[in-house]
Each structure stands twice: as structure tokens, then as C-alpha cells.
Colleague: 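Next up is a structure, given as C-alpha cells.
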Protein chains: 2
Amino acid sequence: MRIQQLEYLEKIVETGSINEAAKQLFISQPSLSQAMKEMEKEYKIQLFYRTKLGITLTNEGREFINYSRGILDQVNLLDERFGKTTTRKHIFSVSGQHYAFVVHAFVELVKKIGQDEYQFTLRETQTQNVLDDIQTFKSELGLNDL
Amino acid sequence: MRIQQLEYLEKIVETGSINEAAKQLFISQPSLSQAMKEMEKEYKIQLFYRTKLGITLTNEGREFINYSRGILDQVNLLDERFGKTTTRKHIFSVSGQHYAFVVHAFVELVKKIGQDEYQFTLRETQTQNVLDDIQTFKSELGLNDL
DNA sequence: GCGCGTTACGGGCGCCGTAAGGATG
DNA sequence: CATCCTTACGGCGCCCGTAACGCGC
């Protein structure tokens, strides 16, 4: 079992959907699905009922995530004490309209640079908001189709 | 950070030596050394003072291992609840005199079979004890140079 | 057909082992 | 020179991404 898998699980429960969780975790949906399968196999339990409207936890799954949170809480304590997040990160933010190529390029950038030194933010909004974000220095980069 | 790395750290502290810990963990000493370096780099801390007589924890290292134990305790709770150890494992034990080739073959076996279904034990002792172990069914296999 | 999750498969990175190096008693 | 740890380097396994599939609305 990897700590990462537990974090994945948390996100899935939070969103109620493997698809949505995968987007927020910046990984592909099959990878996430497989990661959960691995844990289910490792502990020989079933975590979710898979339905067409996302997923719901089984009773075992509910119990499992309680233990999982105990672990993640301890991990967070360690990370906070030993400066995983204490060092102020540089910020790089992009505001733009919703286009697949924007999201894709942004994800690729995040993966290439890594999140050790930078805090990345992508804001998907409307034309005028993009202009405002740039004018107020809320984002470093704006994309419009004007 | 991997849970495995924390378990490695525990063993090193327990034995006071990277060399000895590596033997007990069935991994090579450089691998273990590298695993600790990775954590030190990840959190930008120094865990040990490396001396010729093994290692000793730094103050930061002492604090780190306290957090580490908090995590491992939670992990153990989960493992115990979800049957990592509950299913009784088959036992395969070997008693023999201390020979490098015996240790090597044993380790290779453990790696090949895996520790999911079997509980492996290697007893290194003297000729008579080997005979006793076999006679009392304490071990399944004995090796002597008679 | 669209949206959800799964299965199949190839590639790249990371962990481990072997070998060689450095330091200290 | 013996012991302990580190550095260098190659291989294999594992995780992820792309692609194709199954299934229900």
C-alpha cells in the first residue's frame, strides 16, 4: 500500500467519482481506477459499488477510509513539521476560457516543472474575467479568443 | 515518502547500523543507504550522524522518528483490521550451519515465493541443534556438513 | 451516442543489486 | 586492512498514459 493510494481514495470519496477525482489529481482515469483495484486486491476487500452515476462506498470501504484518514492525519503532521509546505512557493496562475488544449498544456507544464517549487493555478472563466485577472495581477497569463 | 522507507528507518534505529538493518530487511546495504538519502533530500533534513561504529540519530532525526512511529502505528491498525496478518500463513523453516550459500539461497527463495502466503524462518546454529530441530519438527529442512 | 468505469498494452522512471570508492580506527 | 557508508551504473518491475471495450441512460 502506498500513501499516494490513500490520498487518491480520499479524493474519490470527496468527489464521489473516479473521473472527477482523476482530473483534480492530474492523473488519467484508468490509472486511478487501477490504483484502487490494487488496494482492493491487496486487502481482499471491495471498497466501492461502481455505478453509472459515480461510485459509493461499501460498508467495508467506509471502515477502511476511517483507518486511512488516521494514517493521512499522521502523515500531514510530519509533512507540516518538516517543511513540505512551509517554504513559500512561487505562484504561476493562468486564466482562460475553457478549452481542452489549454487544460492539456497546463497539465503538461505542471508535470514537467513539478509542484515542489511552484504553486500552479488554472482558472477557467469568461472573457471579461480573464481580462480582469490580468489587470489585477491575479494571473500571470490570460487566454482569450478575441 | 514511502511507508517502506519509514519501516526501514525504524529498523536502522533499532539496530543502530545500516549494515545490520539491511541484513534483517533482506535488502542490500547500498539500497538502504540510498532510501534514507532520498528521505533526507525530500525533507531537507539530516537524520543521522554517520560514524564508523554505525549511525546515531541527530536531534532532527529523533523528532522525525517520533512522527514516523505515529504513522506506522496507524498503518499497523489498518493492516491488522484488514487481514494482512490475520490469515494464518504456512510455515517454512530451515535450520543450518552458517554458510553464505545457505543464506543466499534462502533469501532468493523468499523473494521468489513472496511473504504473502508463507512465514519463512532461517535458523543458523550448530550441528547438534540442527539435528534436534529436525527431530522435533521445528524446521522442515536441515543442513549439516557431516 | 454520451458518460461512466474497466481491460489491454507499451514506455519511462524508480528501486534494488553488484561493483568500486572513500574514510576512519 | 577491515569495516562502515557512499557513489556509480545497469536491469527489472511498477505506475502511468493512450487506446479500445462494456455497459446503462
Side-chain angles (χ1 to χ4, degrees), chain A residues 1-9 11-13 15-42 46-58 61 100-101 103-116, chain B residues 1-9 11-13 15-42 46-58 61 100-101 103-116:
Chain A
M1 177 188 65
R2 288 168 287 133
I3 292 170
Q4 195 181 32
Q5 287 173 321
L6 300 181
E7 293 168 344
Y8 286 177
L9 176 59
K11 182 63 78 177
I12 291 176
V13 173
T15 61
S17 155
I18 294 185
N19 252 287
E20 181 57 28
K23 289 175 189 167
Q24 295 190 23
L25 292 167
F26 293 125
I27 64 172
S28 72
Q29 183 274 329
S31 296
L32 184 54
S33 178
Q34 187 184 343
M36 294 301 102
K37 284 263 174 186
E38 287 170 17
M39 274 208 299
E40 289 184 314
K41 183 178 178 184
E42 178 177 358
Q46 183 181 356
L47 292 171
F48 319 108
Y49 298 115
R50 275 84 166 171
T51 77
K52 294 302 124 189
L53 311 173
I55 55 90
T56 55
L57 283 170
T58 63
F101 79 92
V103 176
H104 185 259
F106 188 80
V107 170
E108 289 303 313
L109 178 71
V110 171
K111 287 194 294 189
K112 177 158 188 169
I113 304 298
Q115 301 188 50
D116 291 346
Chain B
M1 177 188 64
R2 289 168 287 134
I3 293 171
Q4 195 181 32
Q5 287 173 320
L6 300 180
E7 293 168 344
Y8 287 177
L9 175 60
K11 182 63 79 175
I12 291 175
V13 173
T15 61
S17 156
I18 294 184
N19 252 288
E20 181 58 27
K23 289 176 189 167
Q24 296 189 23
L25 292 168
F26 295 125
I27 64 172
S28 72
Q29 182 274 329
S31 294
L32 184 54
S33 178
Q34 186 185 342
M36 294 302 102
K37 284 263 173 185
E38 286 170 18
M39 273 208 299
E40 289 184 314
K41 184 179 179 185
E42 179 177 358
Q46 183 180 358
L47 292 170
F48 320 108
Y49 298 116
R50 275 83 165 172
T51 77
K52 294 303 124 188
L53 310 174
I55 55 89
T56 56
L57 284 170
T58 63
F101 79 90
V103 177
H104 186 260
F106 188 80
V107 169
E108 289 303 314
L109 178 70
V110 171
K111 286 194 293 189
K112 177 158 188 169
I113 304 298
Q115 301 189 50
D116 290 345

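Note: hydrogens, waters and symmetry copies are ignored here, and every other heavy atom, side chains too, is used. In what follows, chains are A, B, ... by sequence order, proteins preceding strands, each numbered from 1.
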Colleague: Checking all strands, does B:Q4 fall into the base, sugar-phosphate, or nothing category for heavy-atom contacts under 4.0 angstrom?
Modeller: sugar-phosphate

Colleague: Within this structure, what is the NZ-to-P distance between A:K23 and D:dG17, rounded to whole angstrom?
Modeller: 15 Å

Colleague: Whole-Å distance between D:dT6 C1' and B:I18 CD1?
Modeller: 9 Å

Colleague: Give the nucleotide from the list D:dC16, D:dT6, C:dG5 with an atom nearest to the side chain of A:S33.
Modeller: C:dG5

Colleague: Quick one: which of C:dG3, C:dT6, D:dT18 gets closest to the side chain of A:K52?
Modeller: C:dG3

Colleague: Can you tell me how far the NZ atom of A:K37 sits from the CE atom of A:M39, to the nearest 0.5 Å?
Modeller: 13.0 Å

Colleague: Please determine whether a side-chain nitrogen or oxygen atom of A:R50 lies at a distance below 4.0 Å from atom OP1 or OP2 of C:dC4.
Modeller: no

Colleague: Looking only at side-chain N and O atoms, does B:N19 come under 4.0 Å of OP1 or OP2 in D:dC5?
Modeller: yes

Colleague: How many whole angstroms separate atom CE of B:M36 from atom C1' of C:dC16?
Modeller: 14 Å

Colleague: Touch check for B:I55, heavy atoms < 4.0 angstrom, all strands: base, sugar-phosphate only, or nothing?
Modeller: sugar-phosphate

Colleague: Looking only at side-chain N and O atoms, does A:R2 come under 4.0 Å of OP1 or OP2 in D:dC15?
Modeller: yes

Colleague: Expressed as a whole number of angstroms, how long is the span from B:E42:CD to C:dG14:P?
Modeller: 12 Å

Colleague: Return the nearest nucleotide to the side chain of B:S17; candidates are D:dC5, D:dC15, C:dG3.
Modeller: D:dC5

Colleague: Verify, without hydrogens or angle tests, whether B:S33 (side chain) and B:Q29 (backbone) share a donor-acceptor contact under 3.5 angstrom.
Modeller: no

Colleague: On the nucleotide C:dT7, are OP1 or OP2 found under 4.0 Å from the side-chain N or O atoms that A:K37 carries?
Modeller: yes

Colleague: Measure the spacing between CG of A:N19 and CD1 of A:I55 and express it to the nearest 0.5 Å.
Modeller: 11.5 Å

Colleague: Nearest-Å distance, CD (A:E38) to C1' (C:dG5)?
Modeller: 16 Å

Colleague: Between A:Q34 and B:Q5, who's closer to the 5' end of DNA chain C by nearest nucleotide?
Modeller: A:Q34

Colleague: Quick one: does any side-chain atom of A:T15 pair with a main-chain N or O of A:E20 as donor and acceptor, under 3.5 Å?
Modeller: no

Colleague: Think A:S31 has a side-chain N or O under 4.0 angstrom from the OP1 or OP2 of D:dG17?
Modeller: yes

Colleague: Given atom CE of B:M1 and atom P of C:dC15, what is their separation to the nearest angstrom?
Modeller: 13 Å

Colleague: Assign A:Q29 to base, sugar-phosphate, or nothing according to its heavy-atom contacts below 4.0 angstrom with the strands shown.
Modeller: base

Colleague: Classify the nucleic acid contact of A:Y49 as base, sugar-phosphate or nothing, counting any heavy atom under 4.0 Å across all strands shown.
Modeller: nothing

Colleague: Take the protein atom CD1 of B:I3 and the nucleotide atom C1' of C:dC15, then report the distance between them rounded to whole Å.
Modeller: 16 Å

Colleague: Could you tell me the separation between the CG atom of A:L53 and the P atom of D:dC23, rounded to a whole number of Å?
Modeller: 18 Å

Colleague: As a test of understanding, state which of B:Q5, B:K11, B:Q4 forms a side-chain hydrogen bond (donor to acceptor under 3.5 Å, both in side chains) with B:Y8.
Modeller: B:Q4

Colleague: Any side-chain heavy atom of B:I3 within less than 4.5 Å of one from B:E7?
Modeller: yes

Colleague: For a quick check of understanding: with a heavy-atom distance under 4.0 Å over all strands, which category does B:Y8 fall into, base, sugar-phosphate or nothing?
Modeller: sugar-phosphate

